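These numbers come from the heavy atoms of this one structure, side chains and all, not from hydrogens, waters or symmetry mates. By convention here, the first residue in the shown sequence is residue 1. All figures in this text were calculated on a predicted structure; none of them were measured in a lab.
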Amino acid sequence: MKIIQLTNDTKKDILESLLKRSPNNYTQYEAAVNDIIENVRKEGDKAVFDYTQRFDGFRLNPENIKVTRAEIEEAYSLLNEELINVIRKSAENIRTFHAKQLRSSWFDAKPDGTILGMKITPIAKSGVYVPGGKAAYPSSVLMNVIPAKVAGVDEIIMTTPPGADGKVNPGTLVAADIAGVDTIYKVGGAQAIAAMAFGTESIPKVDKISGPGNIYVALAKKAVYGHVSIDSIAGPSEILVLADEAANPRYVAADLLSQAEHDELASAILITTSQELADKVSEQVDVFVSELPRSRIMQSSLDNYGYILVAENMEDAIDAANEIASEHLEILTKNPFETMTKIRNAGAIFLGEYSSEPLGDYFAGPNHILPTNGTAKFFSPVNVDDFIKKSSIISYSREALEKVHKDIELFAESEGLTAHANSIKVRFE
């Protein structure tokens, strides 16, 4: 891995390099995505069936578009029983964690007849997109579906591309069943996003779409935002390890590669105050890359977006970590909890040498759908709040309004909105 001294210039260069990976920079695909969306919007099922035939090689129709119960049972028979039990344990951990995020409606009543409050309502219908083929991750199914179930969403549908034989990844089906998906449709790509955003004869329109996908899916989600809500426009995976001389270089190297193996655009960064640790981690990374199966992907990721930054002190290291605002941040310092108090920007924070990133990906319970490309500065992980909406409650008695009506009228008139003022004034003529 490249070992670089951390300066303002190197930090600026790295930030610019990382931001190039954003889906917002892949505008050359937007025209094709917009055509797909418009065709699905106009032609409904026909367009969905045509695109599925073209891109997935499967002839879809109204009779075979839904995954049947028999197909789900077959998926269970194809999966190792031990893995099924692990998926169940993971689902329970995710459910327990997200249940603590639940909010209740609240009302605040005062003696003069003023009642203010917030009404919490789950969205009615949520759609989850799940990639197919080698990018099918059952863990992401759990992370998308369970917060919506905990929030109380009435209906959850899922779309995922079929193989040329019309089959869906068995791990995806088992995870969807355990998580509580109501209906699964065999549709992938931008056409699936368009179908959920606008509805077709077979696929209902939803209120929110969540879930990862390729650049076509990401751009389709961006294009339909406003017609429906979306979780985010996710970029490539990222990990940043913040470490001092106390860190174990073997652990650090292994954790960096846990994200570098995702794809060639993934980012893996170590920021450390120890030159000795930097050298040892670089050596150990080379060892692991030579041993692990996805070596070509990891090496490409490291060559383009892998960095070891050596900082003069921990304050500079923390400042750089906050600027980068990584999706995953591991803190491997002598006192990780103290270091954590100075972190403002990160999707998920992992503390200590036994809290490596895959713990969050698969099992601990917090959501692994996290903000990327520096958006942790203003976005949060997927959570129960993503699947609810809030309505303000306002009720004043005549007595309460009489105390303040002149103030409201003055404020409205100062903005030139005399009808606003009149709406209050007529009640006291």
Side-chain angles (χ1 to χ4, degrees), residues 48-49 51-53 55-95 126-149 155-189 191-193 195-196 202-203 209-214 216-217 234 237 258 261-263 293-294 297 358 360-365 367-369 382:
V48 169
F49 298 163
Y51 285 124
T52 303
Q53 174 79 56
F55 298 136
D56 300 307
F58 180 63
R59 191 177 296 280
L60 210 57
N61 61 56
E63 284 68 49
N64 64 14
I65 191 171
K66 289 184 185 180
V67 172
T68 65
R69 189 66 218 175
E71 288 175 297
I72 293 172
E73 294 302 331
E74 180 188 22
Y76 274 97
S77 72
L78 295 172
L79 238 55
N80 181 288
E81 188 65 34
E82 191 175 1
L83 175 58
I84 294 171
N85 287 332
V86 169
I87 292 173
R88 287 196 176 108
K89 288 179 189 175
S90 176
E92 187 53 38
N93 290 344
I94 296 165
R95 195 171 288 111
S126 180
V128 177
Y129 183 83
V130 179
K134 293 179 180 177
Y137 299 122
S139 58
S140 285
V141 176
L142 303 180
M143 295 290 182
N144 276 283
V145 175
I146 292 174
K149 292 293 288 187
E155 183 181 355
I156 301 173
I157 71 166
M158 190 175 94
T159 60
T160 188
D165 59 356
K167 300 285 188 182
V168 172
N169 181 284
T172 295
L173 294 185
V174 168
D177 189 58
I178 289 171
V181 172
D182 293 293
T183 313
I184 304 168
Y185 296 92
K186 298 177 182 179
V187 182
Q191 61 271 24
I193 302 301
M196 289 191 285
S202 296
I203 300 173
I209 299 172
S210 63
N214 61 20
Y216 291 95
V217 169
S237 296
S258 73
E261 77 166 341
H262 268 294
D263 63 59
R294 296 169 68 88
I297 293 173
D361 266 357
Y362 293 109
F363 204 75
N367 212 291
H368 78 199
I369 303 166
V382 165

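- The 12-atom threshold is exceeded at OH of Tyr51, counting heavy atoms of other residues, nucleotides or ligands nearer than 6.0 Å.
- Glu82 pairs by the side chain to side chain contact (heavy atoms under 4.5 Å, CB included) definition with Asn80, not counting sequence neighbours.
- Partners of Tyr216 according to the side-chain hydrogen bond (donor to acceptor under 3.5 Å, both in side chains) rule, which considers only residues two or more places apart in sequence or in another chain, do not exist here.
- Remark: Asn85 CG to Leu79 CG distance equals 10.5 Å, nearest 0.5 Å.
- Within the structure, every pair that satisfies the side chain to side chain donor-acceptor pair (under 3.5 Å) test and touches residues 158-167, not counting sequence neighbours, is listed here: Glu74-Lys167.
- For the atom pair OH of Tyr137 and NE2 of His368, the computed distance is 10.0 Å after rounding to the nearest 0.5 Å.
- A search for side-chain hydrogen bond (donor to acceptor under 3.5 Å, both in side chains) contacts involving Thr68 returns Glu71, not counting sequence neighbours.
- Across every non-hydrogen atom of Pro131 and Pro161, the tightest pair is C-CD, 4.0 Å.
- Using a 4.5 Å cut-off on side-chain heavy atoms (C-beta onward), Val128 and Val141 make no contact.
- Listed by chain and residue number, Thr52, Asp56, Phe58, Lys186 satisfy the side chain to side chain contact (heavy atoms under 4.5 Å, CB included) test with Pro162 (two or more places apart in sequence, or in another chain).
- Two residues are said to be in side-chain contact when any heavy atoms from C-beta on lie closer than 4.5 Å; Val145 and Ser126 fail this criterion.
- Evaluation of the side-chain hydrogen bond (donor to acceptor under 3.5 Å, both in side chains) rule for Asn367 yields His98 as partners, not counting sequence neighbours.
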Name each donor-acceptor pair under 3.5 Å that joins a side chain in residues 174-185 to protein atoms two or more places apart or in another chain, with its distance.
| from | atom 1 | to | atom 2 | distance (Å) |
| --- | --- | --- | --- | --- |
| Asp177 | OD1 | Arg69 | NH1 | 2.7 |
| Asp177 | OD2 | Arg69 | NH2 | 3.3 |
| Asp177 | OD2 | Tyr76 | OH | 2.7 |
| Asp182 | OD2 | Ile156 | N | 2.8 |
| Tyr185 | OH | Ser202 | O | 3.4 |

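- Scanning all heavy atoms of the two residues, the minimum distance from Asn144 to Gly211 falls at OD1-N, 3.2 Å.
- Distance check: Ser140 OG to Asp361 CG gives 8.0 Å after rounding to the nearest 0.5 Å.
- Looking at residues two or more places apart in sequence or on another chain, you find no salt bridge (charged side-chain N to carboxylate O under 4.0 Å, His left out) involving Arg88.
- By the ring pair (Phe, Tyr, Trp, His ring centres under 6.0 Å) test, Phe49 pairs with no residue at all, sequence neighbours left out.
- Side chain of Tyr129 to main chain of Gly189: a donor-acceptor pair is present (N/O by atom type, distance under 3.5 Å, no hydrogens or angles).
- Residues forming a side chain to side chain contact (heavy atoms under 4.5 Å, CB included) with Gln53 (at least two apart in sequence, or on another chain): Arg59.
- By the 4.5 Å heavy-atom criterion applied to side chains, Met158 and Thr172 are counted as neighbours.
- Residues passing the side chain to side chain contact (heavy atoms under 4.5 Å, CB included) test with Ser90 are Ile94, Leu142, Phe363, sequence neighbours excluded.
- Heavy-atom minimum distance, Met143 versus Gly360: CE-O, 3.6 Å.
- The residues Lys89 and Glu92 are annotated as not salt-bridged, no charged nitrogen and carboxylate oxygen being separated by less than 4.0 angstrom.
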